[in-house]
*Asks:* 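The structure is given below, and queries will be raised subsequently.
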Amino acid sequence: MSDTIVYVSGTFDLFHSNHLKMINYAKGLGDRLIVGVSTDELVCSYKKPPTIPFEERISIIEGLKSPDVVIPQHTLDHNKTVENLNIDIFVIGDDWVGKYDYLRKKNVKVFYFPYGKGISSSSLKQKIYSQYTEMLKDIDDHPIPEPTDTK
């Protein structure tokens with residue numbers, strides 16, 4: 001009897017609790033968990049660069065308890081990854097719903113993990129931006145003092 005191998009795909013920028021929930025959920029689906037972390041070059045091929053550099057993002061994932069193996073992810077096409085690593089189950093966030101259904105033709109179970117409401121990398125970036133903008137406004141909006149004659 002062979003082990004069930006689960007693969008989780010992600011950028012894991014600004015690592016947050018929903019990333020951890022998805023990784024832990026994936027661990028519960030099989031015997032071996034491989035986590036693929038998108039390289040900066042891959043992320044830049046379809047959206048703005050990640051806030052946290054690849055080397056730091058992959059180090060964070062390697063430091064978690066659940067993954068058995070953590071690998072760099074250089075492509076969004078996971079056909080070769082599934083074949084080369086004998087992946088049985090593929091897990092990714094539900095913002096990618098439908099994009100990896102083609103893996104089902106290879107008898108791979110595909111799960112789109114529901115992030116649900118709450119925290120996401122995008123919402124974190126928006127919150128940081130809003131708070132920073134408010135902070136700048138507070139710094140720049142101040143009364144200009146009248147010049148005084150010091151004689």
Side-chain angles (χ1 to χ4, degrees), residues 2-141:
S2 64
D3 289 345
T4 300
I5 300 173
V6 181
Y7 185 86
V8 177
S9 172
T11 301
F12 305 108
D13 193 20
L14 298 176
F15 192 82
H16 53 75
S17 61
N18 280 335
H19 290 141
L20 185 59
K21 288 175 190 171
M22 181 170 72
I23 290 170
N24 287 338
Y25 169 77
K27 178 68 174 182
L29 295 174
D31 302 303
R32 300 275 179 242
L33 177 62
I34 301 170
V35 179
V37 179
S38 296
T39 63
D40 292 343
E41 293 78 15
L42 174 60
V43 175
C44 288
S45 72
Y46 64 93
K47 67 180 185 179
K48 296 196 187 251
T51 303
I52 307 297
F54 170 75
E55 293 77 16
E56 292 192 34
R57 291 182 287 112
I58 198 166
S59 290
I60 290 168
I61 303 302
E62 288 170 338
L64 299 176
K65 191 166 66 174
S66 294
D68 295 298
V69 178
V70 180
I71 62 173
Q73 186 170 262
H74 299 281
T75 179
L76 296 176
D77 180 352
H78 292 289
N79 278 304
K80 290 286 182 203
T81 305
V82 163
E83 291 170 17
N84 292 341
L85 299 174
N86 296 313
I87 305 298
D88 300 297
I89 298 173
F90 183 88
V91 179
I92 192 165
D94 67 353
D95 48 338
W96 292 84
V97 166
K99 298 282 186 191
Y100 292 99
D101 289 351
Y102 66 89
L103 295 175
R104 291 182 170 133
K105 292 178 184 168
K106 294 179 175 283
N107 293 321
V108 173
K109 292 181 181 175
V110 178
F111 291 82
Y112 296 101
F113 186 79
Y115 276 158
K117 293 182 179 176
I119 200 162
S120 70
S121 296
S122 296
S123 70
L124 280 175
K125 288 175 187 175
Q126 184 61 44
K127 184 175 182 180
I128 291 167
Y129 176 77
S130 296
Q131 289 177 340
Y132 179 73
T133 302
E134 284 299 313
M135 184 183 77
L136 285 179
K137 201 165 33 170
D138 289 345
I139 290 170
D140 291 339
D141 286 349

*Asks:* Looking at every non-hydrogen atom in both residues, tell me the closest pair between K27 and D68 and how far apart they are.
*Replies:* NZ-OD2, 3.0 Å

*Asks:* Are any non-hydrogen side-chain atoms of S45 and E41 less than 4.5 angstrom apart?
*Replies:* no

*Asks:* Is the backbone of T51 close enough, under 3.5 Å, to the side chain of D13 for a donor and an acceptor to pair up by distance?
*Replies:* yes

*Asks:* Are any of the side-chain heavy atoms of Y7 and V82 separated by less than 4.5 Å?
*Replies:* no

*Asks:* Measuring only between side-chain heavy atoms, which start at C-beta, is L103 closer than 4.5 Å to N79?
*Replies:* yes

*Asks:* What's the shortest heavy-atom distance between Y112 and G93, and which atoms?
*Replies:* CD2-O, 4.1 Å

*Asks:* Look at the rings of H78 and Y100 and say which category their plane angle falls in: under 30° parallel, 30 to 60° tilted, over 60° perpendicular.
*Replies:* tilted

*Asks:* Using every non-hydrogen atom in the two residues, find where T81 and I87 come nearest and quote the distance to one decimal.
*Replies:* O-CG1, 3.8 Å

*Asks:* Is there a side chain to side chain contact (heavy atoms under 4.5 Å, CB included) between F12 and I52 once you walk through the steps?
*Replies:* CA-CA 9 Å; F12 305 108; I52 307 297; over 6 Å; no

*Asks:* Is there side-chain contact between I71 and L85, with at least one heavy-atom pair below 4.5 Å?
*Replies:* yes

*Asks:* Verify, without hydrogens or angle tests, whether R32 (side chain) and V69 (backbone) share a donor-acceptor contact under 3.5 angstrom.
*Replies:* no

*Asks:* When you compare the side chain of D77 with that of Y102, does any pair of heavy atoms fall below 4.5 Å?
*Replies:* yes

*Asks:* Which residue, R104, K105, K99, forms the salt bridge (Lys or Arg N to Asp or Glu O under 4.0 Å) with D101?
*Replies:* R104

*Asks:* Between D31 and T4, is there a donor-acceptor pair closer than 3.5 Å when you use the side chain of the first and the backbone of the second?
*Replies:* yes

*Asks:* Closest heavy-atom contact between P72 and I58?
*Replies:* N-CD1, 3.9 Å

*Asks:* Taking everything shown except Y132 itself, do over 12 heavy atoms lie less than 6.0 Å from its OH?
*Replies:* no

*Asks:* Can you name the closest pair of heavy atoms from D94 and P114 and give their distance?
*Replies:* OD2-CA, 3.2 Å

*Asks:* Assess whether atom NZ of K125 is packed by more than 12 heavy atoms of other residues, nucleotides or ligands within 6.0 Å.
*Replies:* yes

*Asks:* What pair of heavy atoms forms the shortest contact from S38 to Q73, and how long is it?
*Replies:* OG-NE2, 2.9 Å

*Asks:* Would you call the rings of F113 and Y25 parallel, tilted or perpendicular if under 30° counts as parallel and over 60° as perpendicular?
*Replies:* tilted

*Asks:* About how many Å separate CG of D3 and CG of D88, when rounded to the nearest 0.5 Å?
*Replies:* 9.0 Å

*Asks:* Would you mind reporting whether D40 and R57 have side-chain heavy atoms less than 4.5 Å apart?
*Replies:* yes

